[in-house]
Amino acid sequence: MATKAVSKPGLEEEVAQIHRIRITLTSKNVKALEKVSADLVKGAKDKQLKVKGPVRLPTKTLRITTRKSPCGEGTNTWDRFEMRIHKRLIDLHSPADVVKQITSISIEPGVEVEVTIADV
């Protein structure tokens, strides 16, 4: 949604275009994920932006069941391994250049950040 402020007839100034920005955070470590999402929301609220989130999406559990014995002989004993992937969504309404300032915070290792920008 581009808005134009008209000060004099014939002269028009363009105001920064507002975008709907969706930040998706993914990690195996919940503490790191919560810290990064809290920092992002705090930075956005300091700049007086509309913020929705962090929305907690369902945890994906990846499971692998394998035999303990490498040769197949002996008792049938099994190892069960699982990896949990946690995901958070944060929606912002702001100009695109402001997002660079917000996302310039130090992001914990192991946290993936994906930024999607759409026009409103």
Side-chain angles (χ1 to χ4, degrees):
M1 177 173 98
T3 57
K4 295 187 178 191
V6 179
S7 58
K8 293 182 183 177
L11 292 176
E12 295 178 351
E13 286 182 31
E14 260 198 55
V15 178
Q17 188 173 9
I18 302 295
H19 297 287
R20 185 177 60 80
I21 294 141
R22 175 164 282 177
I23 301 173
T24 307
L25 303 170
T26 309
S27 177
K28 295 184 282 184
N29 186 355
V30 181
K31 270 189 185 174
L33 188 66
E34 288 293 333
K35 182 180 182 304
V36 171
S37 63
D39 289 347
L40 283 172
V41 170
K42 183 178 172 234
K45 286 188 177 179
D46 288 347
K47 298 209 183 297
Q48 315 262 315
L49 300 176
K50 273 189 180 178
V51 180
K52 291 193 179 179
V55 177
R56 290 161 180 84
L57 296 178
T59 303
K60 290 183 181 170
T61 306
L62 308 177
R63 290 193 176 106
I64 293 178
T65 305
T66 183
R67 285 281 305 270
K68 281 186 182 179
S69 171
C71 63
E73 293 289 322
T75 320
N76 293 340
T77 53
W78 299 83
D79 272 332
R80 291 183 290 278
F81 299 102
E82 76 175 30
M83 179 170 66
R84 296 179 181 199
I85 299 174
H86 306 274
K87 205 171 194 181
R88 304 285 185 267
L89 283 181
I90 299 172
D91 284 332
L92 303 172
H93 292 280
S94 70
D97 58 330
V98 176
V99 176
K100 275 193 175 178
Q101 297 169 359
I102 295 169
T103 56
S104 66
I105 63 163
S106 62
I107 294 172
E108 299 279 320
V111 177
E112 289 184 36
V113 179
E114 182 181 322
V115 179
T116 308
I117 300 175
D119 292 331
V120 175

How long is the gap from [atom1] on [X] to [atom2] on [Y], to the nearest 0.5 Å?
X: T59; Y: R84; atom1: OG1; atom2: CZ; answer: 7.5 Å
X: L25; Y: R56; atom1: CG; atom2: CZ; answer: 11.5 Å
X: R22; Y: L92; atom1: CZ; atom2: CG; answer: 10.5 Å

Determine all donor-acceptor pairs shorter than 3.5 Å in which one atom belongs to a side chain in residues 106-116; sequence neighbours excluded.
none

Hey, does [Y] have a side-chain heavy atom less than 4.5 Å from the side chain of [X]?
X: R88; Y: L33; answer: yes
X: E82; Y: I64; answer: no
X: H86; Y: K28; answer: no
X: I85; Y: K87; answer: no

Validation: residues 39-54 side-chain donor-acceptor distances under 3.5 Å, sequence neighbours left out:
residue: D39; atom: OD2; partner: K35; partner atom: NZ; Å: 3.4

Checklist entry - Can V98 be reached from I21 by stepping across I, L, V, M, F, W or Y side chains whose heavy atoms are under 4.5 Å apart? => result yes

Item to check | same_hphob_cluster(I23, V55) at 4.5 Å side-chain heavy-atom cutoff | outcome: no

Next on the checklist: Give me the atom names and distance for the closest heavy-atom approach of I18 to P95.
Outcome noted: CD1-CD, 3.9 Å

Acceptor/donor pairs from residues 68-81 side chains to any protein atom, 3.5 angstrom cut, sequence neighbours excluded:
residue: S69; atom: OG; partner: G72; partner atom: N; Å: 3.3
residue: S69; atom: OG; partner: E73; partner atom: O; Å: 3.1
residue: N76; atom: OD1; partner: R67; partner atom: NH1; Å: 3.4
residue: N76; atom: OD1; partner: R67; partner atom: NH2; Å: 3.3

